[in-house]
Amino acid sequence: MRRFCGGGGGGDTKGKIAGVILMAVGILVLLLFVPYWVWTSVLAVLLISIGFLIWRFN
């Protein structure tokens with residue numbers, strides 16, 4: 001239960017790094033390509049969401 005409720009450390013650092021990278025790429029895609037294509041904004045939000053989930057639960 002502590003894994004889900006506690007704010008304890010641990011976890012895989014590779015997963016956390018991958019999550020941060022995915023969030024950064026998503027933000028860059030969102031900032032650079034939103035004016036041009038709607039699908040890129042969907043891709044950016046998806047990348048940010050996946051990156052956050054990997055970072056948070058890994």
Side-chain angles (χ1 to χ4, degrees):
M1 189 71 178
R2 181 179 178 190
R3 177 178 176 192
F4 296 108
C5 296
D12 185 16
T13 56
K14 290 181 183 179
K16 291 196 180 286
I17 292 170
V20 170
I21 289 172
L22 281 175
M23 286 189 283
V25 169
I27 290 170
L28 284 175
V29 168
L30 189 63
L31 291 175
L32 295 175
F33 297 110
V34 164
Y36 302 110
W37 302 101
V38 174
W39 68 270
T40 55
S41 64
V42 173
L43 175 67
V45 170
L46 186 65
L47 285 172
I48 293 170
S49 300
I50 292 171
F52 177 76
L53 288 174
I54 290 173
W55 174 76
R56 174 64 179 96
F57 292 111
N58 212 347

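Atoms considered below: every heavy atom in the structure, side chains included; atoms not considered: hydrogens, waters and symmetry mates.
A side-chain contact (heavy atoms from CB on, under 4.5 Å) with Leu22 holds for exactly one of Ile27, Ile54, Ile17, Leu46; it is Ile54.
Interatomic distance, Leu53 CG to Ile48 CD1, rounded to the nearest 0.5 Å: 12.0 Å.
Contact between Ala44 and Gly26 at its shortest, heavy atoms only, is CB-O, 3.2 Å. Considering all non-hydrogen atoms of both residues, Met23 and Phe52 come closest at CG-N, 3.6 Å.
When hydrophobic clusters are built by joining Ile, Leu, Val, Met, Phe, Trp and Tyr residues whose side-chain heavy atoms come closer than 4.5 Å, directly or via intermediates, Leu43 is grouped together with Ile21.
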